[in-house]
Amino acid sequence: MDWLVSVAKFLVDEILSQPAYLIGLITAAGLVALRKSAGQVLGGAIKATLGFLLIGAGAGLVVAALAPLGEMIQGSTGAHGVIPTNEAIVGIAQAEYGSRVAWLMILGFAVSLALARFTPLRYVFLTGHHMLFMATLLTMVLATAGQKSWVVVVVGGVLLGILLVALPAFAHPWTKRVTGNNTVAIGHFGTAGYVVAGATGQLVGRRSRSTEDMKLPEGLRFLRDSMVATALSMVLIYLIMSLVFLAKVGKETAFKAFAADGGPAAPDVGAYVMQSIMQGLQFGIAVAVILFGVRTILGELVPAFQGIANRLVPGAVPSLDAPIVFPYAQNAVLIGFLSSFVGGLISLGLLAWLLEPAFGLALVLPGLVPHFFTGGAAGVYGNATGGRRGAVAGAFLNGVLITFLPALLLEVLGAFGKENTTFGDADFGWFGSLIGNAAKAGTVGGAVLMLLLGAVILAGAIVVQKRVVETGWDPGARRDALLPRAEQAPAAPAAPATAYGKIAPPPGAPKPPAPPTQGDA
């Protein structure tokens with residue numbers, strides 16, 4: 001049996017948990033099904049793989065750019081508590097539950113493909129690292145509740161497979177509103193935040209104009225370039241926080257804030273200030289890399305999925321990571337990030353003032369990485385249905401969710417709840433809490449309760465797919481009726497000019513308007 005475990009771990013650790021490889025293989029399979037030439041198959045697979053590597057590289061740059069800012073905020077406010085970081089808690093759990101996680105993930109992916117083939121939920125979840133995160137969470141909560149290993153793998157695998165097809169369906173009416181077509185779905189376990197953001201936009205922003213239609217004075221038109229606006233905003237945030245941090249902790253500690261890997265500290269205040277400016281500019285570069293990677297992969301993966309749909313899963317829709325929606329409303333990404341972060345700060349205050357003393361809930365500090373990725377996506381969803389007000393309010397509520405839900409999740413993680421980190425995105429919190437409490441009902445009772453919960457989620461997703469998605473319900477239709485005709489259709493991402501030519505928007509997407517400035521992409 002050891003060799004089976006080794007094979008399973010290899011598949012999970014080296015292939016399925018590596019989204020770039022998974023995307024490349026899926027793209028190659030689709031192009032083969034379309035009977036493309038060997039050169040086209042190889043080139044398309046490599047390009048799709050490189051697109052996901054670009055997204056990963058940009059995400060790494062975002063994490064690196066935000067790390068000093070997080071330390072400054074914590075040092076300036078004096079807050080201490082749990083910082084949600086998916087990668088950190090997964091790494092801790094892998095040492096104890098590695099083999100069960102591997103088998104659970106493989107079974108879950110197989111179940112999801114079967115459901116996609118034989119139910120109306122034609123979604124193929126391709127965000128490999130999030131599959132690994134959810135598989136780890138399910139293993140942790142089931143094992144902590146005392147469930148036997150076979151129950152952990154079998155029941156957990158079924159639940160994972162259900163989530164992989166159900167959650168994209170719940171979000172798809174709003175995703176279609178964002179993209180303007182049915183070519184991609186969201187495959188990310190921050191879905192609850194995106195649905196809440198989209199629904200909030202419907203309530204608060206019927207007459208609010210889009211974040212992408214901001215009217216700027218002639219002298220500020222350069223801010224229409226999203227990369228410039230993002231970088232400038234982060235430079236201002238870094239400057240303010242670095243000066244507050246300097247005043248709070250003093251020169252000796254503050255000057256070490258940007259010293260990477262034990263490097264030298266800033267020699268004086270001038271160098272310290274310039275380091276903060278550079279960090280903000282690095283953030284702008286990181287976002288630009290992510291957007292370029294998204295456009296690259298869409299150009300290869302969507303056509304390839306036509307081949308997969310015809311052979312394996314008719315009508316298949318690829319479910320992809322959260323940054324896939326960033327190009328559709330780039331201003332909303334930054335607005336969403338900031339609004340989500342504010343929501344996290346206010347929620348932290350409520351935890352510290354009321355809920356921690358009353359219920360013993362942990363203090364969940366606002367991690368900048370989950371707030372950027374899920375908050376940015378929530379801003380896009382809120383903007384699609386409610387313009388600027390929708391982006392602000394929707395992302396704010398996302399920040400509330402990813403603060404309170406991780407605090408509740410810690411209650412079912414047993415010894416892992418004592419760690420200084422936990423899972424950060426909304427779906428980990430609500431689903432992990434429900435499953436963790438159901439699993440405490442014993443081997444038989446717990447398994448029955450968990451499978452019933454999974455059945456309810458699956459049935460609900462099928463109802464949404466048949467009665468909402470397939471009927472063409474548009475969550476922004478009322479808002480369209482109140483806005484000028486020119487603003488009614490959601491804009492597709494513009495194709496940016498690069499050294500490698502123009503990157504086309506997703507097939508079938510509405511034609512974007514002419515950019516008002518040369519750099520507006």
Side-chain angles (χ1 to χ4, degrees), residues 10-11 14-59 109-110 112-113 116-117 122-131 164 168 175-176 179-187 288-328 492-512 521:
F10 172 78
L11 288 174
E14 305 301 333
I15 297 178
L16 294 181
S17 64
Q18 302 295 326
Y21 295 155
L22 186 61
I23 290 296
L25 291 172
I26 293 293
T27 301
L31 294 175
V32 168
L34 288 172
R35 298 183 179 179
K36 299 294 185 180
S37 67
Q40 289 174 313
V41 171
L42 181 61
I46 291 176
K47 193 171 182 180
T49 300
L50 292 175
F52 252 80
L53 290 175
L54 279 168
I55 295 175
F109 190 56
S112 75
L113 291 178
R117 176 66 178 85
R122 310 291 192 190
Y123 302 99
V124 179
F125 198 100
L126 295 177
T127 311
H129 62 294
H130 261 239
M131 278 192 277
L164 295 183
T175 304
K176 287 174 64 178
T179 64
N181 55 65
N182 195 44
T183 55
V184 294
I186 193 73
V289 171
I290 290 175
L291 296 177
F292 181 75
V294 167
R295 293 187 176 109
T296 301
I297 190 157
L298 281 180
E300 299 299 324
L301 185 64
V302 173
F305 246 73
Q306 297 172 0
I308 295 174
N310 292 336
R311 298 297 179 91
L312 181 61
V313 184
V317 178
S319 302
L320 302 173
D321 203 352
I324 209 72
V325 301
F326 285 6
Y328 293 92
T498 72
Y500 301 98
K502 295 244 181 200
I503 304 298
K511 185 177 180 180

Practice task
Taking N181 for its side chain and T183 for its backbone only, find out whether a donor-acceptor pair lies under 3.5 Å.
Solution key: yes
Practice task
To the nearest 0.5 angstrom, please state how far the CG atom of L54 sits from the NZ atom of K47.
Solution key: 11.0 Å
Completion exercise
Rounded to the nearest 0.5 Å, the CE atom of M131 sits from the CZ atom of F125 at a distance of 6.5 Å
Exercise for the section: Kindly say whether G187 contributes a backbone atom to a donor-acceptor pair with the side chain of T127 at under 3.5 angstrom? Expected result: yes
Problem - Check: Q40 main-chain N/O paired with S37 side-chain donor or acceptor under 3.5 Å - result: yes
Handout entry: Rounded distance (nearest 0.5 Å) linking atom CG of L164 with atom OH of Y123
Key = 13.5 Å
Handout entry: T27 (side chain) donor-acceptor with A48 (main chain) under 3.5 angstrom
Key = no
Completion exercise
When rounded to the nearest 0.5 Å, the distance separating OG of S319 from CD1 of I186 is 8.5 Å
Exercise for the section: Kindly compute the distance separating OG1 (T179) from CD1 (I324), expressed to the nearest 0.5 Å. Expected result: 10.5 Å
Practice task
Spell out, as yes or no, whether a donor-acceptor pair under 3.5 Å connects the side chain of R122 to the backbone of G315.
Solution key: no
Practice task
Would you check if P318 and L126 make a side-chain contact, meaning some heavy-atom pair closer than 4.5 Å?
Solution key: yes
Practice task
Determine the minimum heavy-atom distance between T175 and V184, stating which atoms define it.
Solution key: CG2-O, 3.8 Å
Exercise for the section: Measure the shortest side-chain to side-chain distance between V317 and N182 over non-hydrogen atoms and say whether it is less than 4.5 angstrom. Expected result: yes
